[in-house]
There are 2 protein chains.
Amino acid sequence: MRTDAQKNYSRLLEVARVVVEEHGVDASMREIARRADVGLATLFRHFPTREALFEALLHMNLEALIQQAAELEASSPPDQALVSWFREGVAFTHTYSGVCALFASAHADPNSALYAPCTALRSAGAKLLLRAQAEGTARKDMDGVDLFALMSALSWLVGQPGFASRGDHFVHLITSAILTNQPNNDSKIAI
Amino acid sequence: MRTDAQKNYSRLLEVARVVVEEHGVDASMREIARRADVGLATLFRHFPTREALFEALLHMNLEALIQQAAELEASSPPDQALVSWFREGVAFTHTYSGVCALFASAHADPNSALYAPCTALRSAGAKLLLRAQAEGTARKDMDGVDLFALMSALSWLVGQPGFASRGDHFVHLITSAILTNQPNNDSKIAI
DNA sequence: ACCTGAACACCGTTCAAGT
DNA sequence: ACCTGAACACCGTTCAAGT
């Protein structure tokens, strides 16, 4: 890459991070280009689709989340690892409001720039789920796709202004559906 | 209302129903006006916001759903009534793709034209939930807002193209989190 | 009273013309 | 090679002018 192109690339990413933090996942591409002092067409050559931009934007975060799955697998009992990672996943998507919609649709679209990271994320979760299922602490009638779906749905939910404050409670409700032999009424369980 | 205004009103609703079925909740207002052979400004006087249009569009469906809650309360045991109604609710929002997002945001916005119907829907569900809780078949650490939230999240989820096919399974997973004393692994329960 | 067309400030996409 | 500006076809909102 030419050095001026490289400069534009990193400049765009930097600005996109700020603008997306402000306006969420539907932020205007035009505004990102404008704020980066770059032609709109330049933005679109570096990132031909919105998904491509987010792929670059979230790359680090996703790597970290996948890494975290491996660490939890080594350090925690299966059921706790699964719940903790689930919670982390929901919290992560909360950073960029609306990003879970991008992930959910990428999941079904192999042409999306987010398809690969999406698959990697799902695999990381599936591994934790399988381990808990083998131990008998996670229900056996669900798979990695279900886990990913529930995580997406929950992320969407806590991204809605009216429901954000109940985030922890929702995570508790859903994880108690995933785990077996859990007391699932009256009070929250300590994790 | 003048008779020509009345004619435009019902014409707009009729056309909107079709266009929204085609393009979902983000359908272009301009296109609705265009197809109805009506000035765009006319559409906006009849329905000053997108929410106002949907309030009119969904009024019948919502009435039916609330009515159904009352019928289920009379005809079925508390736990079954709750689950059946939950399932109906999810199925309903599936009619107009994306409408659950409108509902979720209306829930927190008293100025929205959808606020009142949204509240009515939540109350209908809360009543069924309370009845099951009193009987001991629904978990006690959730309320009507939680029920509404889970219903919204599930509606969103089955509205995503990649997850639509698993709709029934997701409903099973979530309802088994809501009900107590349910076998929540290995096989689906017959309802 | 109700309707209309046009103007406004946006959006993402595309592409010929510049360096 | 890479960038740019302008043109294009959209969008929702607003409002003066018509009947």
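In what follows, every chain begins at residue 1, and chains take the letters A, B, ... in the order their sequences are listed.
Take B:Asp4 and apply the salt bridge (Lys or Arg N to Asp or Glu O under 4.0 Å) test, not counting sequence neighbours, and it matches B:Arg2. With sequence neighbours left out, the ring pair (Phe, Tyr, Trp, His ring centres under 6.0 Å) criterion links B:Phe44 to no other residue. Residues satisfying the salt bridge (Lys or Arg N to Asp or Glu O under 4.0 Å) criterion with A:Glu31, sequence neighbours excluded, are A:Arg35.
Sorted by first then second residue, the salt bridge (charged side-chain N to carboxylate O under 4.0 Å, His left out) pairs that include residues 144-154 of chain B, not counting sequence neighbours, are A:Arg166-B:Asp146. Applying the salt bridge (charged side-chain N to carboxylate O under 4.0 Å, His left out) test to pairs two or more places apart or on separate chains, none has a residue in residues 103-121 of chain A. Annotation: salt bridge (charged side-chain N to carboxylate O under 4.0 Å, His left out) contacts involving residues 40-66 of chain A, sequence neighbours excluded, are absent. Listed by first and then second residue, the ring pair (Phe, Tyr, Trp, His ring centres under 6.0 Å) pairs involving residues 54-94 of chain A amount to none (not counting sequence neighbours).
Atom CD of B:Glu51 is separated from atom P of D:dG12 by 13 Å (rounded to the nearest Å). Atoms CG (A:Leu53) and C1' (C:dT13) sit 16 Å apart, rounded to a whole Å. What separates CD1 of A:Ile32 from P of C:dT13 is a distance of 12 Å, to the nearest Å. When the C1' atom of D:dA1 is taken as reference, atom CD of A:Gln6 falls 15 Å away, rounded to whole Å. Between the CZ atom of B:Phe44 and the P atom of D:dC15 there is a distance of 14 Å, given to the nearest Å. Computed from coordinates, the A:Arg50 CZ to C:dT13 P distance equals 8 Å when rounded to whole Å. Residue B:Arg34 contributes atom CZ, which lies 11 Å from atom C1' of D:dA9 at whole-angstrom precision.
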What side-chain donor-acceptor pairs closer than 3.5 Å can you find for residues 65-72 of chain A, not counting sequence neighbours?
{"unit_1": "A:Gln67", "atom_1": "NE2", "unit_2": "A:Glu71", "atom_2": "OE2", "d": "3.2"}

For residues 116-128 of chain B, run the donor-acceptor check on the side chains, cut-off 3.5 Å, and write out each pair with its distance to 0.1 Å, sequence neighbours left out.
{"unit_1": "B:Thr119", "atom_1": "OG1", "unit_2": "B:Tyr115", "atom_2": "O", "d": "2.9"}
{"unit_1": "B:Ser123", "atom_1": "OG", "unit_2": "B:Thr119", "atom_2": "O", "d": "2.9"}

With both pairing distances under 3.5 angstrom for Watson-Crick or G-U wobble, and | for a partner in another strand, the correct string for DNA chain D is ||.|||||...|||||.||
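Within residues 21-28 of chain A, the residues approaching DNA chain C are A:Ala27, A:Ser28, by heavy-atom distance under 4.0 Å.
The structure places CG of B:Leu13 at 6.5 Å from CG of B:Leu53, a figure rounded to the nearest 0.5 Å. Remark: A:Thr137 OG1 to A:Ile178 CD1 distance equals 11.5 Å, nearest 0.5 Å.
A close approach under 4.0 Å does occur between a side-chain nitrogen or oxygen of A:His46 and OP1 or OP2 of D:dC3.
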Under 3.5 Å between N/O atoms: give me all the protein pairs with nucleotides 4-7 of chain D, atom names plus distance.
{"unit_1": "D:dT4", "atom_1": "OP2", "unit_2": "A:Gly39", "atom_2": "N", "d": "3.0"}
{"unit_1": "D:dT4", "atom_1": "OP2", "unit_2": "A:Thr42", "atom_2": "OG1", "d": "3.1"}

